[in-house]
Participant: 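One structure coming up, written as structure tokens, with questions to follow.
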Amino acid sequence: MVQARTLPPNAFAAMGTVVSVRAGGSDVVAARATVIAASVFERWDRRCSLYRPDSELSRVARGELALSDACVELRDAYALAVAWRARTGGAFTPHRADGVIDLNGVVKALAIAEAGEAIGATGVDEWGVDAGGDVLVSGLRAGGSPWIVGIADPGDRGAMVASLPLGDARRAIATSGTAERGDHIWSPTDVRDASFVQVSVAAADIVTADVVATAIIAGGEATLDELTACEQVDVLAVRSDGTLLATPRWPRAA
Amino acid sequence: MRARAFVIASAASAAVLLTGWQLGTAGTDPAATTASNGGTSKTTGGTDASSGSSSGTTDATDAAATGSTTQQAGSGVADGTYPGTTVGTRFGDVQVQVTISGGAITDVTPLQLTDHDGRSVSISNRAAPILRDEVLQSQSASVSFVSGATYTSDAYVQSLQAALDAAGF
């Protein structure tokens with residue numbers, strides 16, 4: 001675990017990763033927004049993280065706590081995940097192959113959304129929250145230009161394959177990869193199709209972006225075609241040979 | 001191989017759509033035929049769609065051959081746009097609009113599409129191959145966040161995001 005002192009003032013550790021925050025036009029506003037976001041993530045982490053052995057979700061996973069006895073947020077997150085399982089034809093599922101209920105993706109997305117709302121409630125309209133590569137923004141960047149998100153190159157983590165400006169209809173982007181959580185103690189989610197090594201999904205909200213990205217990584221090209229037809233999303237997918245697929249509205253070079 | 005499979009699948013889809021259009025314009029009055037064929041052709045379309053993946057190449061060739069014949073024989077079809085019949089596919093019901101100009105098909109555009117739950121869908125949002133230099137790039141100074149597969153808190157230190165956070169971009 002990274003010590004707090006090694007992180008810059010606009011970032012904090014949560015859910016096994018690092019959350020980065022931007023807000024307003026001054027360091028003071030940004031620092032306050034970071035504290036607000038950290039408290040939101042702390043609460044979600046305590047209840048729903050499989051990274052914490054004492055969380056309610058870890059106790060559910062070990063069979064020490066019935067899901068029906070868990071807090072309402074955890075039960076709602078589970079209901080949301082199950083609804084998305086149906087909506088993605090089973091490509092997204094909160095049930096891991098080993099039987100453990102894994103709500104990490106949904107919970108992280110819910111925490112990002114709630115952190116953004118909490119920052120907005122303080123009167124700051126222009127902010128961005130990035131939890132380990134899943135991003136939600138509001139308004140414009142300081143200086144009046146749109147928030148721009150780079151897409152990591154899965155073949156070279158120090159490089160970007162593309163970039164994308166976020167706006168009103170696409171405030172969120174999430175990227176899912178086959179290497180995701182590879183060095184975590186829990187086994188990665190069941191990957192049924194190896195078509196893609198990385199899938200980035202832009203959507204109006206972060207839950208849709210996160211779930212659809214995870215579903216396409218699991219379900220491959222068939223799921224990609226089904227979900228781009230039904231969901232309001234823009235997708236950039238990197239195949240295992242390094243070539244790219246993009247939906248028509250994914251931004252092109254001029 | 002994957003690209004070829006994609007092309008064949010696309011051709012098979014086009015064959016299904018074209019077949020549906022032919023059924024819809026088999027009569028002399030395009031508008032009237034379309035209306036009366038709406039019910040029966042849906043069953044035919046469903047069969048085509050399910051066999052499309054196994055014998056896609058054959059279907060596409062056949063459709064191309066009959067398609068051009070129809071074009072020559074159909075010189076009597078007046079210019080204009082005609083709605084095709086609704087075809088059942090694995091994505092749900094698909095209906096296309098065909099534009100005829102000078103006796104030839106000049107455009108095929110999707111009309112109402114619904115999935116199996118009756119929601120509107122769009123096959124025009126399908127992802128297609130794109131070269132790396134065709135996607136938008138940005139200077140790192142204009143990028144605030146990097147979206148990628150989730151890094152661990154330990155790996156963060158070496159991530160691009162850590163550099164952007166330190167710089168305050």
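Chain identifiers are assigned alphabetically (A, B, ...) following the order of the sequence lines, protein sequences preceding nucleic acid strands; residue numbering begins at 1 within each chain. All figures in this text were calculated on a predicted structure; none of them were measured in a lab.
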Participant: Between chain B and each of A/Met160, A/Gln232, A/Gln198, count heavy-atom pairs under 4.5 Å; write down the option with the most.
Facilitator: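 The answer is A/Met160.
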Participant: Ignoring hydrogens and angles, tell me if any N or O in the side chain of B/Asn125 forms a donor-acceptor pair with the backbone of A/Thr228 under 3.5 Å.
Facilitator: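 At least one qualifying donor-acceptor pair exists.
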Participant: Not counting sequence neighbours, which residues clear side-chain hydrogen bond (donor to acceptor under 3.5 Å, both in side chains) with A/Thr243? List them please.
Facilitator: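 With sequence neighbours excluded, A/Thr243 shows a side-chain hydrogen bond (donor to acceptor under 3.5 Å, both in side chains) to A/Asp241, given in chain and number order.
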Participant: Output a table of donor-acceptor pairs, distance under 3.5 Å, between side-chain atoms of residues 143-154 of chain A and any protein atom two or more places apart or on a different chain; print 'none' if there are none.
Facilitator:
{"unit_1": "A/Trp147", "atom_1": "NE1", "unit_2": "A/Ser138", "atom_2": "O", "d": "3.1"}
{"unit_1": "A/Asp153", "atom_1": "OD1", "unit_2": "A/Gly155", "atom_2": "N", "d": "2.8"}
{"unit_1": "A/Asp153", "atom_1": "OD2", "unit_2": "B/Arg132", "atom_2": "NH1", "d": "3.3"}

Participant: Work out which heavy atom in A/Val129 is nearest to a heavy atom in B/Phe145; give both atom names and the distance.
Facilitator: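 In this case the closest contact between A/Val129 and B/Phe145 is N-CZ, 4.1 Å.
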Participant: If we define contacts as heavy-atom pairs under 4.5 Å, which of B/Ala163, B/Ala166, B/Gly148 has the most with chain A?
Facilitator: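 The candidate making the most pairs under 4.5 Å is B/Gly148.
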Participant: With chain B as the partner, which of A/Ala131, A/Gly128, A/Ala246, A/Ala162 has the greatest number of non-hydrogen pairs under 4.5 Å?
Facilitator: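 Of the candidates given, the most pairs with chain B belong to A/Ala246.
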Participant: Please report the interatomic distance CD1(B/Ile130) to CG(A/Leu244), rounded to the nearest 0.5 Å.
Facilitator: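 CG of A/Leu244 is found 7.0 Å from CD1 of B/Ile130.
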Participant: Could you tell me whether a side-chain N or O of B/Ser147 sits under 3.5 Å from a main-chain N or O of A/Gly133, the two making a donor and an acceptor?
Facilitator: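 Between the backbone of A/Gly133 and the side chain of B/Ser147 there is a qualifying donor-acceptor contact (under 3.5 Å).
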Participant: Using a heavy-atom distance cut-off of less than 4.5 Å, which residues of residues 20-34 of chain A contact chain B?
Facilitator: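 If one takes a 4.5 Å heavy-atom cut-off, the residues of residues 20-34 of chain A near chain B are A/Ser20, A/Arg22.
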Participant: Which atoms of B/Ser159 come close to chain A, meaning under 4.5 Å heavy atom to heavy atom: side chain ones, backbone ones, both, or neither?
Facilitator: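 No part of it gets close to chain A.
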Participant: Identify which part of B/Gln137 has an atom lying under 4.5 Å from any heavy atom of chain A, answering side chain, backbone, both or neither.
Facilitator: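 Both backbone and side chain.
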Participant: Taking A/Thr17 for its side chain and B/Tyr151 for its backbone only, find out whether a donor-acceptor pair lies under 3.5 Å.
Facilitator: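 Pair found, side chain donor or acceptor close to backbone of B/Tyr151.
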Participant: Using side-chain hydrogen bond (donor to acceptor under 3.5 Å, both in side chains) as the criterion, list what pairs up with A/Thr247, not counting sequence neighbours.
Facilitator: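 Per chain and number, A/Thr247 pairs via side-chain hydrogen bond (donor to acceptor under 3.5 Å, both in side chains) with no residue.
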